[in-house]
Amino acid sequence: MRTPSRLHATEKSPAVTLSAPPSLAPRVRFAPSPTGYLHIGGVRTALFNWLFARHHGGKFILRVDDTDTQRNLADALAPILDGFRWLGIDWDEGAEVGGPHAPYYQSERLALYQAAVEKLLAGGFAYRDYARPEETQAERAEAEAAKRPYVASRRWAAESPADRARFEAEGRTSAVRLRMPREGVCRIDDIVRGTVESEWAAEADHVIQRADGTCLYHLASVVDDVEMGITHVIRAEEHLPNTPRQIFIFEGLGAPLPRFAHLPVVAEPGSRVKLSKRKLDKYLKNPEFAELYQHGRRIADRLRLEVSPETFNPVITDFYRIAGFLPEAILNYLLLLGWSLDDKTEMLALPEQIAHFSLERVGKSAASFDPKKLLSFQERYMQALSVDERLALVLPYLEQAGWIAAPASAADREKVRSIVAAAADRIKVSGDILDYDEFFVADEALVYDPKAFDKRIRSAAGAPELLAAMHDEIAALPADAAFDAAALEKLLTAFVAARGLGLGVIVHAVRVAVAGKPVGFGLFDILALLGRERVLARLARTLRVLEATPNPPEAS
RNA sequence: GGCGCGUUCGUCUAGGGGUCUAGGACACUGGCCUCUCACGCCGGUAACACGGGUUCGAAUCCCGUACGCGCUACCA
């Protein structure tokens, strides 16, 4: 039995999307723990929150979940905030920007949590539990052995001051636990998963405050959501089983319930298991993931960055910033991990993403991270940029590698601009400019690819003689002769035609002689970019190198 | 173990009872272009987890099974 689609849409999307007064504009949040890195799955969750807020003219709040941190907060938070800023995901309230519900750091909101604990206690929604850990453990083990859900016996629940005194006289300490209902059904009307039901009786009495007085995540999260007026809790599916106890806290606090939307998790490449930063070794066994990693690694090495897989790997946002990915490409890819507009549209610029985003179109099943597809978005976004835009992206890499002086001189800019133009689609991420060292090294420092040198020059019949003749022909050119790609094409074509040869015979040898490698731009572009003097110098050097080692050892 | 969620090409997905001999994209692959590489263009392989229902008709609705994932902490 199906409801008409119009009605169905209304039933799934709350009134807030249609006729909500401004004061009811949605308020959503993302609450990272300051771990020192920004996980790509976290970015996807944050993106969906952000898009939802922007689409509906609501607020996106960035709250810091630091109840549990001992480490230096500033150091651990900076990479996360910087990551969001780099991606262009901004927040209306929260860390560093403040707002009407400040402070946005949980570690500074302890008094609120304490008040909530007392309110829950007073209302009978929670109790002080004096059980010792081993006693709780034993009950749990018993339940498991009996194959039923673990439910606390509440034998050590203090119902009166007298109970407390008695337990404390036994040397016991207490944590505060939720007094979960023992009957009925908890119904969650989830925007992405529909109605999810579970038995209240299957819920354990979760601890909300430890014996040492500190509070736990579920309590803090709900208290903050209430206080900050969060209307929609949009988070990863792993939190779905936690939702009943949170609903119970909302109710105990007498607060209205937000809408819930549980997003499918972002999974490992080729799997359904949640993507985790700790399993890099495993992911590197996936060829496509390894290729992405090596690509970034190559760039980091040329930049002489000290990177470790702990902080530099494709699960972490910083990886992409360092390699020179475009934020728009990453966001576009991430958007499609669990969301789609229709049966064709894939490329959506940010304004379109905002215009079209809706929670109703979020999928239900885990989506595995596909490095190749991410790269393909990156390529398409890069292709859409003008040469000058690419030049601006690439210059900092050359400066940081020390290949040009910083800040770039006008001459350097012009030179690099020509290289970028000739490179065309070969530069997929900004750091790829560092593949073209042949245009930046001194002629005498050019490194030859050994295999290419042997195949195209040393072992190629007639190649040395042709290179020598080529050198002489260029040297004999009038000083004012054009040395651009068109002129060079004419010259080379005539050169081989005069000898009754094809272009292929000379092209490969010359390429290796002047660029050191068998792949790259069109040869005429390479020669023009290098200029006459450097081409001559490199041809001459190649011939000298050949002469110095006329009979190389047999390749094994 | 218990509870919850999920299952369409290798991957991301479209799909809301007939228009599905299941569409798109990435990957893979054949070809074209070509001085290499990359780009681009044309083509191809490839999926409704399984079993029962309901119905004239099921990828689509219902039930079961299998498999996967998540939760089951005085973690978040």
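Predicted model, so just to flag it, every value in this text is computed and none were measured. Labels below follow one simple rule: chain letters A, B, ... track the order of the sequence lines, proteins then strands, and each chain is numbered from 1.
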Please measure how far the P atom in B/U29 lies from the corresponding atom in B/A38, and state the result in whole Å. 12 Å

Its contact letters, B for base, S for sugar-phosphate only and - for none at protein heavy atoms under 4.0 Å, make nucleotides 71-76 of chain B read S-SBSB

**Prompt:** Are A/Arg128 and A/Tyr130 in a cation-pi contact, defined as NZ or CZ under 6.0 Å from the six-membered ring centre and within 45° of the axis?
**Reply:** no

How about A/Lys279: does its NZ atom have over 12 heavy atoms from other parts shown lying under 6.0 Å from it?
yes

Any strand, both distances under 3.5 Å, Watson-Crick or G-U wobble: B/U11 pairs with B/A25

Would you check, one step at a time, whether the test side-chain contact (heavy atoms from CB on, under 4.5 Å) holds for A/Leu359 with A/Arg259?
CA-CA 11 Å; A/Leu359 254 13; A/Arg259 293 296 313 267; over 6 Å; no

Under a 3.5 Å limit on both distances, the Watson-Crick or wobble mate of B/G17 is none

Exactly one candidate in A/Val266, A/Ile80, A/Leu275, A/Thr317 meets side chain to side chain contact (heavy atoms under 4.5 Å, CB included) with A/His39; the answer is A/Leu275

Applied to residues 202-225 of chain A, the ring-ring contact (aromatic ring centres under 6.0 Å, His included) test, sequence neighbours excluded, yields A/Tyr217-A/His239

- Task: Sticking with atom P, work out how far B/U13 lies from B/C32, rounded to a whole angstrom.
- Result: 36 Å

As its Watson-Crick or G-U partner within any shown strand, both distances under 3.5 Å, B/G40 has B/C32

Rounded distance in Å between the P positions of B/C39 and B/A46:
25 Å

Atom CG of A/Leu348 and atom C1' of B/G24 are separated, to the nearest Å, by 14 Å

Taking atom P in both B/G18 and B/A58, what distance in whole Å separates the two? 11 Å

Here the gap from A/Trp200 atom CH2 to A/Ile247 atom CD1, rounded to the nearest 0.5 Å, amounts to 6.0 Å

Quote, to the nearest angstrom, the C1' distance that separates B/U8 from B/A14.
-> 10 Å

Atom CE of A/Met347 and atom P of B/C26 are separated, to the nearest Å, by 11 Å

Check: How far does the C1' atom of B/A73 sit from the matching atom of B/C20, given to the nearest Å?
Finding: 49 Å

note: A/Gln378, atom CD; B/A25, atom C1'; distance rounded to Å ~ 17 Å

Between A/Asp449 and A/Lys455, does any side-chain N to carboxylate O distance fall below 4.0 Å?
no

Mate of B/C61 across any strand shown (Watson-Crick or G-U wobble, both atom pairs under 3.5 Å) is B/G53

Going 5' to 3' through nucleotides 6-13 of chain B and flagging B where a protein heavy-atom sits under 4.0 Å of the base, S where only the sugar-phosphate is that close, and - otherwise, we get SSS--BBS

Here the ring-ring contact (aromatic ring centres under 6.0 Å, His included) pairs for residues 507-530 of chain A, sequence neighbours left out, are A/Tyr436-A/Phe521, A/Phe439-A/Phe521

| Taking the six-membered ring for Trp, are the ring centroids of A/Phe48 and A/Phe357 within less than 6.0 Å of each other? | yes

To the nearest angstrom, the CD-C1' distance between A/Glu139 and B/G2 comes to 16 Å

Problem set entry | Donor on one side chain, acceptor on other, A/Thr136 and A/Arg140, under 3.5 Å | no

Check: So, A/Gln114 versus A/Glu118: side-chain donor-acceptor pair below 3.5 Å or not?
Finding: yes

When the C1' atoms of B/G51 and B/G15 are compared, how many Å lie between them, rounded to an integer?
23 Å

Rounded to whole angstrom, note down the P distance from B/C62 over to B/U7. 12 Å

So the salt bridge (Lys or Arg N to Asp or Glu O under 4.0 Å) pairs with at least one residue in residues 200-217 of chain A (sequence neighbours excluded) are A/Arg154-A/Asp205, A/Arg182-A/Asp205

Protein heavy-atom contacts under 4.0 Å, written 5' to 3' over nucleotides 33-45 of chain B as B (base), S (sugar-phosphate only) or - (none), form the string --BBBSSS-----

TODO: Might you work through the side-chain contact (heavy atoms from CB on, under 4.5 Å) test for A/Arg109 and A/Asp224, ending with a clear yes or no?
DONE: CA-CA 9 Å; A/Arg109 301 172 63 83; A/Asp224 288 342; 2.6 Å; yes

NA contact type, A/Glu197, heavy-atom cut-off 4.0 Å: base, sugar-phosphate, or nothing?
-> sugar-phosphate

When both distances are under 3.5 Å in a Watson-Crick or G-U wobble arrangement, the nucleotide paired with B/C69 is B/G4

